[in-house]
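Each remark here refers to the structure printed beneath this line.
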Amino acid sequence: MDHAEHGDHSGHGHDEDQAAGSSQADGHAEGAQGGQEDPDHGGEAKQPLDDKSSPSEAEGHGAHEGHQDNDKHDGQDEHNDDHGGVDLTPDQMDAFDVRTATVSGGPISVTIERPAEVVYDENALAHVVPRVPGIARTINAAEGDEVLEGEVLAVLESRELADAKAAYLASLERLTLAKENFARADALIDKRIVSAEAHLEAKTDYAEARINLRNARQKLFALGIGEARLNEITEEDEADLTEYVMRAPLSGTVVARHLTRGESVPTDREAFIIADVSTVWIDISIYAHDLERVESGQTVTVVTEGGLETEGRIGFVTPNVSEETRTANARVFLANEPMRLRPGMFVTARIAVSEEPADVRVPAAALQNHEGRDVVFVKDKEGRLNPRPVTLGRRNSHYVEVLAGLKTGDTVVTDGAFIVKSQLAKSGFDDGHNH
């Protein structure tokens, strides 16, 4: 630091303390000329340094006793440097998670903020509705339970299902009998033991039996009975014919249950709702005047009220505008691995509608407010982290354009800048200076 930076040394380099600095300078001058102690300092400059005093402070006060040569100014420069930055060892920077990076240029996205809502991914949502009415006998799943595809959710007793199973079993028996009669008639027709009319009748009965069995099978399929279960029906006890098993159609979380044990369950409302919330949709309200700027593929940063940020891209924009809200809908498909986004939440969507280049930019986390000014901490050749005022331009949630105060190639603190600021304030407080 050169002498021009000090200006009038009667103020110790602090603009806010000019009046006090003048009186101190006068006191030093009197002490130098008359060989007397400065009454304002009480002779403290001549006392040994205590544990809290720094060598730079001692040099600074010693230099002011005479103001006779350039070494006195060098002592004052060292004093200002000690309080203008922060020294952190590499180990301390690792412990505090303080990271630095080289300043460069790059694009800054121009964003617009719009309200949005988290909704279920409808491709991973299932309303489980029983296909036959019945009485809930057992319930195996509750709200909040994680279930796997095919897992039993509940068992109903259904008379309608029992009737359908009975019709299927009767069709099986009828087909077996009709097949035997036709085989016998077919064997005897050549021997003229049975008439052609009896042969035709046996053949017709066999065909009708096959049709009836096919219809009975299709009805069971429609009621949710699979091919594997059909083979089990013939071996079930009569009491089991009423049993209707509700199974999970997909793996996920039971987000709603609408039945209790012993309740009559109809077929016109869901008994369970299951959702796989590992993915969600973000529905963004797009005003009509923004439709020309918003399109599929644009990057969107979703911000929750708690400050959680996650990034995705617009999947599609609806071609119509809602008559009720006069807005269109832009949808973002997001992975929800931390499970922080919950359907029904209102969030803010920051849509990057364009990108513009910036000659100098820094991460938004690098920016701090110090003594009422926007500053970033710049690493000098000695490794000291010094606060440097900057003039800012455009910004978004990730980057800030710097119009003045920095140049490409400077090394700045990008992560942990607040920690560095706290250490700077602590250093100033411990030394008895209000910076």
Side-chain angles (χ1 to χ4, degrees), residues 97 99 101 106-126 144 146 250-256 273-322 324-358 361-367 392-401 414-418:
D97 289 329
R99 302 287 181 266
I108 292 183
S109 300
V110 177
T111 63
I112 58 174
E113 288 191 0
R114 294 296 177 261
E117 182 181 2
V118 182
V119 299
Y120 288 112
D121 179 352
E122 294 183 3
N123 295 323
L125 180 70
E146 298 291 331
L250 54 81
S251 299
T253 304
V254 178
V255 297
I273 299 178
I274 300 175
D276 179 2
V277 292
S278 62
T279 60
V280 293
W281 293 350
I282 309 297
D283 283 350
I284 310 170
S285 297
I286 305 297
Y287 305 128
H289 62 267
D290 288 328
L291 286 175
E292 293 182 358
R293 297 194 292 170
V294 177
E295 59 187 22
S296 298
Q298 290 175 332
T299 301
V300 177
T301 300
V302 178
V303 186
T304 67
E305 292 183 357
L308 172 70
E309 293 190 9
T310 186
E311 192 171 279
R313 292 186 178 276
I314 294 177
F316 79 95
V317 181
T318 56
N320 63 303
V321 174
S322 169
E324 292 78 15
T325 63
R326 308 311 303 169
T327 61
N329 182 51
R331 177 164 293 164
V332 178
F333 306 95
L334 279 184
N336 190 29
E337 290 303 327
M339 301 300 177
R340 302 283 184 85
L341 298 171
R342 300 178 181 272
M345 290 176 59
F346 291 104
V347 295
T348 299
R350 296 171 180 163
I351 307 171
V353 295
S354 65
E355 287 188 346
E356 297 180 5
R361 71 174 189 179
V362 295
L367 190 66
L392 305 179
R394 295 160 296 159
R395 67 173 68 194
N396 56 30
S397 59
H398 299 291
Y399 291 101
V400 179
E401 180 184 21
T414 55
D415 296 315
F418 181 78

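Computation of the quantities below employed the complete heavy-atom set of this structure, encompassing side-chain atoms and omitting hydrogens, waters and symmetry-equivalent molecules.
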Going through the checks in order, is the side chain to side chain contact (heavy atoms under 4.5 Å, CB included) test met by L341 and T310?
CA-CA 10 Å; L341 298 171; T310 186; 4.0 Å; yes
How far apart are the C-alpha atoms of S278 and N336, what are their side-chain angles, what is the distance that settles it, and do they pass the side-chain hydrogen bond (donor to acceptor under 3.5 Å, both in side chains) test?
CA-CA 5 Å; S278 62; N336 190 29; over 6 Å; no
Using the rule given for side-chain hydrogen bond (donor to acceptor under 3.5 Å, both in side chains), can you reason through S109 versus T111, listing the C-alpha separation, both sets of side-chain angles and the distance that settles it, and then say yes or no?
CA-CA 6 Å; S109 300; T111 63; over 6 Å; no
Could you go through the side chain to side chain contact (heavy atoms under 4.5 Å, CB included) check for R313 and V332 one step at a time?
CA-CA 6 Å; R313 292 186 178 276; V332 178; 5.8 Å; no
What do the steps show when you test L392 against L367 for side chain to side chain contact (heavy atoms under 4.5 Å, CB included), and what is the final call?
CA-CA 10 Å; L392 305 179; L367 190 66; 3.4 Å; yes
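Between T253 and D276, every side-chain heavy-atom pair lies at or beyond the 4.5 Å cut-off. Put simply, the side chain of E295 does not reach to within 4.5 Å of the side chain of V317, judged on heavy atoms. I314 has its side chain within reach of V294: a pair of non-hydrogen atoms, C-beta onward, lies under 4.5 Å apart. Here the side chains of V119 and P343 are not in contact, with every heavy-atom distance at 4.5 Å or above. Looking only at side-chain heavy atoms (C-beta outward), E311 and V300 stay at 4.5 Å or farther from each other. Residues P107 and R361 have side chains in contact (heavy-atom distance under 4.5 Å, counting atoms from C-beta outward). Looking at Y399 and V362, their side chains never come closer than 4.5 Å, going by heavy atoms from C-beta outward. Residues V303 and V347 have side chains not in contact (no heavy-atom distance under 4.5 Å, counting atoms from C-beta outward).
Of all non-hydrogen atoms in Q298 and R293, the two that sit nearest each other are NE2-O, 2.7 Å. Nearest heavy-atom pair, I108 versus A358, reported as atom, atom and distance to 0.1 Å: CD1-CB, 3.8 Å. What you find for A116 and A349 is that their closest heavy atoms are CB-CB, 4.1 Å.
In this structure, T348 OG1 and E309 CD are separated by 10.0 Å, a value rounded to the nearest 0.5 Å. If you take CZ on R326 and OG on S285, they are separated by 13.5 Å, rounding to the nearest 0.5 Å. Atoms CG and CZ, on L308 and R340 in that order, are 6.0 Å from each other to the nearest 0.5 Å. Distance check: I286 CD1 to L291 CG gives 7.0 Å after rounding to the nearest 0.5 Å. Taking CG of D290 as the reference point, atom CD1 of I284 lies at 11.0 Å (rounded to 0.5 Å). A distance of 7.0 Å separates CG in L125 from CD1 in I273, rounded to the nearest 0.5 Å.
Heavy-atom neighbours of F418 CZ from other residues, nucleotides or ligands within 6.0 Å: at or below the threshold of 12.
Using a 4.0 Å cut-off between charged nitrogen and carboxylate oxygen, R395 and E401 do not count as a salt-bridge pair.
Here W281 and F333 bring their ring centres to under 6.0 angstrom of each other.
In this structure, a donor-acceptor pair under 3.5 Å is absent between the side chains of T414 and R99.
A cation-pi contact, defined as under 6.0 Å to the ring centre and within 45° of the axis, is absent between R331 and F316.
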